[in-house]
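Note on naming: letters A, B, ... go to the chains in the order of the sequence lines (proteins, then strands), and numbering restarts at 1 for each one. Predicted model only: the values in this text are computed from it and were never measured.
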2 protein chains.
Amino acid sequence: MTSHRSQRPATIPDVAREAGVSRSTASRALADYGSVSPDARERVHAAAAKLGYRPNQLARSMITGRTHTLGVVVADIQNPFFAGATRGIADAARAAGYQVLLANTDEDLTQERSAVKMLRDKHVDGIIIAPASSSSTAHLVALREARCPLVLLDREVPSLDTDTVTVDNRGAAEDAVRRLLEAGHRRIGMVTLGGSGEERAAQEGRHGGADRREETDRHRAAGRADGGEGPQRGHGPDRRRAEPPAQVSTGVERAEGFRAALHAAGLKDPDTYVRVGVHGQDPAALTTELLRLPQPPTALFTTDSLIALGALSAVQEAGLRVPDDVSLITFDDADWTSVIRPRVSVVAQPVQELGARAVRALVARIEGRSQARSEHIVLDTTFVSRDSVAPPPSR
Amino acid sequence: MTSHRSQRPATIPDVAREAGVSRSTASRALADYGSVSPDARERVHAAAAKLGYRPNQLARSMITGRTHTLGVVVADIQNPFFAGATRGIADAARAAGYQVLLANTDEDLTQERSAVKMLRDKHVDGIIIAPASSSSTAHLVALREARCPLVLLDREVPSLDTDTVTVDNRGAAEDAVRRLLEAGHRRIGMVTLGGSGEERAAQEGRHGGADRREETDRHRAAGRADGGEGPQRGHGPDRRRAEPPAQVSTGVERAEGFRAALHAAGLKDPDTYVRVGVHGQDPAALTTELLRLPQPPTALFTTDSLIALGALSAVQEAGLRVPDDVSLITFDDADWTSVIRPRVSVVAQPVQELGARAVRALVARIEGRSQARSEHIVLDTTFVSRDSVAPPPSR
DNA sequence: GACGAGATTGGGAACGTTCCCAAAAGCATC
DNA sequence: GATGCTTTTGGGAACGTTCCCAATCTCGTC
């Protein structure tokens, strides 16, 4: 086969000519629709094999309006969480007959917007996105208006009516923190990273200097610790920059769960030990800040495995030990958590499954076999109890 | 703008009509080529903005023959090495104005072949691949024959004349092992994973027809695994399953470096402590096998961070400690290697840079600005000395 | 006012497919 | 042999763009 080693790849007209039929008949025989006589069908297939014919998907997409391609927009493929989710997406997409066009945004809204634009221009059949912001969502709204199927992965956007695949972040965080409380901890720290520096600077109203941004972020992060829940609001008029909207829903929800647990235990000022950094910031520094407090936390709750690593190194740097001096629970069951000593107790998310379900929901939407109402899939997390939680040190 | 919220997205004819010019003029004004009067240009741009015109890249690709899309085929996006490389690829591609179509093959040749086929059908401008096999490469050869730009990432295929981006695996491995030797070790184990189970099963001869080709490959690869160095050949006929062919070039080269170091130190039977598993196999089990030997190795060399994790857990399982009982060096500076105690000494590869260089080489090839001869980029590894290497225990 | 050079413009074709529809062929029935 | 039905076939158009080329316009010069 493929004996004719012609320069130009064979097209349907070529195959038709070789088989002695018309374009239409050849097309029907190859795509297997309409009616074709057994004889013609066979000749066409033989000709196609002989010429090494491969259908041009671009041309096909032009006509059918379908590319069989899914756009995937994530913050950071290097984060094991997203690597796992992407893996799940890739596998499920392949199984469903779709390919994956990947964009990495580094939590940067500008990049996210341009990625979405590109994906639209390339006419992907649908998009799976872990949006960098739950507030700046014009590009996502536009997507919906253009009737482009859209599934939100891991993160939610309250104002957007679309399918989502998430976990119960609030509940899982509350459960994890409750375990720390049950171990006897009263001073529990939370370290998380949320939103992009860029967006925050933009929201602050100034956008010029790149380093001023850092500075605002810092205030913001500190401010975030001030709350966001109603009761804590009335700080006075000039604290405006002290009430930053938490950018990604997961961060917000986990913080809510964190607070709820503390609240239920009758602890006040739950945000004393909360540190929210911007993406790219060193979580170790944030942790060190906590550990240097006059009354440092005796337990730490971190919202992903990379942050946990930073926290761990800050703890070591401070000459402290897990779990004797500081207990630790983190979101995400990274590969090292069960090998490192002490093994780290984690809130395990079904990362691949999250991606796979997103694909299934998206494909269902694309292929028109799903109800009008948007679907909100919430998968279970699993608390994996290991050795990083102990009672607080007795002083 | 975009006041006309029409169902069908605007096309060039729409814009032309709105601006009162012809299709051609509109196209020229938008794509900015040929000559267009300032007046016409302005009217066209105004019309485009008003209608919210977005060029259809599919149609454009049909004409230009360029999709501005790069195909990326990797074994496992969840492996931090590939996650990092993919990250580098995604970033560099975006910078160069390309998008990334991702395929995950799980080291499975069948999947790899079909991924390559799909990418060709979608007319990607070029492909970056970390091939699962350095011997079964018909699909890659076909790619070359179709003049599809191709860059090999991380792994080489000797028989294929194309650009490659790698590190000096042999040298880096030799250097690492030499360090173990210098610390006084004489029994050094190597744990690696190579090739896919599927291919091996096929190569063992049981797998139906169509694979006889594969079988010949096996003999070749086996010869290669023996070192290619004459002296070590004669092991006797029945040791065949003790000499699994390392399928991917990195595995082979690292094994070569390993043997070269032992050889230079005057040690014989360098393969006594070499364990090669198939992809998906548990590296901990392989390690345990080594540790249970009557004369177990006092140092371990692993070829990626996931294997190191497995080795580490086997060492712990055996009640041994790093580095007191067993020293460890691994390829790949995963995030946890500097946080875990003891910190693990590693051969760090410039993962993102590897991906970025692959993109640059590929884009240069695509855009025709590279010489005819294929380019072999070899990046430097860095040995990061930490705390996992100590002298062997004195008995 | 005729001429030519250069800018500007618009129509037609092309890319490779699928889809629509009308024509042709096959075949049984009256 | 004409009629009607079904199967098979092929030509034309369409998708939305870019490219080619010839036609027109502008304008300065003799």
Side-chain angles (χ1 to χ4, degrees), chain A residues 6-45 47-48 51-69 118 120-125 146-147, chain B residues 6-45 47-48 51-69 118 120-125 146-147:
Chain A
S6 66
Q7 206 62 305
R8 190 176 56 81
T11 66
I12 284 204
D14 297 331
V15 172
R17 201 174 307 121
E18 178 75 26
V21 297
S22 71
R23 276 196 327 260
S24 310
T25 303
S27 176
R28 273 189 294 261
L30 292 169
D32 201 33
Y33 75 96
S35 76
V36 184
S37 68
D39 175 51
R41 173 191 313 277
E42 197 176 330
R43 287 213 312 281
V44 168
H45 279 123
L51 300 179
Y53 169 76
R54 315 243 56 211
N56 182 332
Q57 299 297 343
L58 255 45
R60 173 173 287 177
S61 294
M62 280 238 50
I63 296 292
T64 62
R66 296 271 305 280
T67 53
H68 276 267
T69 305
M118 298 282 199
R120 277 182 68 178
D121 291 350
K122 284 240 165 85
H123 285 227
V124 295
D125 291 338
R147 307 207 167 288
Chain B
S6 67
Q7 206 62 305
R8 190 175 55 82
T11 67
I12 284 204
D14 296 331
V15 173
R17 201 174 308 121
E18 178 76 26
V21 298
S22 72
R23 274 195 334 252
S24 310
T25 304
S27 176
R28 273 189 296 261
L30 292 169
D32 200 35
Y33 74 96
S35 76
V36 183
S37 69
D39 176 51
R41 171 191 313 278
E42 198 176 328
R43 287 211 313 282
V44 169
H45 279 122
L51 300 179
Y53 169 76
R54 314 243 55 211
N56 182 332
Q57 300 296 343
L58 255 45
R60 173 173 288 176
S61 294
M62 280 237 51
I63 295 292
T64 61
R66 297 270 306 280
T67 53
H68 277 267
T69 305
M118 297 282 199
R120 277 182 70 179
D121 290 350
K122 284 241 164 85
H123 285 227
V124 296
D125 291 338
R147 308 205 167 290

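- Residues A:Arg41 and A:Val44 have side chains not in contact (no heavy-atom distance under 4.5 Å, counting atoms from C-beta outward).
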For residues 53-60 of chain B, which side-chain N or O atoms pair as donor and acceptor with protein atoms under 3.5 Å away, sequence neighbours left out?
from, atom 1, to, atom 2, distance (Å)
B:Arg54, NH1, A:Asp121, OD1, 3.0
B:Arg54, NH1, A:Asp121, OD2, 3.4
B:Asn56, OD1, B:Leu58, N, 2.8
B:Asn56, OD1, B:Ala59, N, 3.2

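- Interface residues of residues 32-42 of chain B facing DNA chain C, ordered by number: B:Ser35, B:Val36, B:Ser37, B:Ala40; criterion, heavy-atom separation under 4.0 Å.
- At a threshold of 4.5 Å between non-hydrogen side-chain atoms, the residues A:Arg23 and A:Val15 do not count as touching.
- In this structure, the salt bridge (charged side-chain N to carboxylate O under 4.0 Å, His left out) partners of A:Arg43, at least two apart in sequence or on a different chain, are A:Asp39.
- Comparing B:Ala31 and A:Met62 along DNA chain D, the residue whose closest nucleotide (by nearest heavy atom) sits nearer the 5' end is A:Met62.
- Evaluation of the salt bridge (charged side-chain N to carboxylate O under 4.0 Å, His left out) rule for B:Asp14 yields B:Arg8, B:Arg17 as partners, not counting sequence neighbours.
- Here the closest non-hydrogen pair linking A:Ala26 and A:Val21 is N-CG2, 4.1 Å.
- Not one N or O on the side chain of B:Lys122 forms a donor-acceptor pair closer than 3.5 Å with the backbone of B:Thr67.
- When each of B:Ser24 and B:Ile63 is assigned the nucleotide of DNA chain C bearing its nearest heavy atom, the one mapping closer to the 5' terminus is B:Ser24.
- When DNA chain D is scanned in the 5' to 3' direction for atoms under 4.0 Å from non-hydrogen atoms of chain B, the outermost contacting nucleotides are D:dG16 to D:dC19.
- Rounded to an integer number of Å, the gap from B:Ile12 CD1 to C:dT9 C1' is 15 Å.
- Each end of the helix from C:dG1-D:dC30 to C:dC30-D:dG1 gets its own rotation axis from five pairs of C1' atoms, and the angle between them is 70° to the nearest 10 degrees.
- Rounding to the nearest 0.5 angstrom, the gap separating the CD1 atom in B:Ile12 from the OG1 atom in B:Thr25 is 10.5 Å.
- Screening A:Arg120, A:Arg147, A:Arg66 for a salt bridge (charged side-chain N to carboxylate O under 4.0 Å, His left out) involving A:Asp125 leaves a single residue, A:Arg66.
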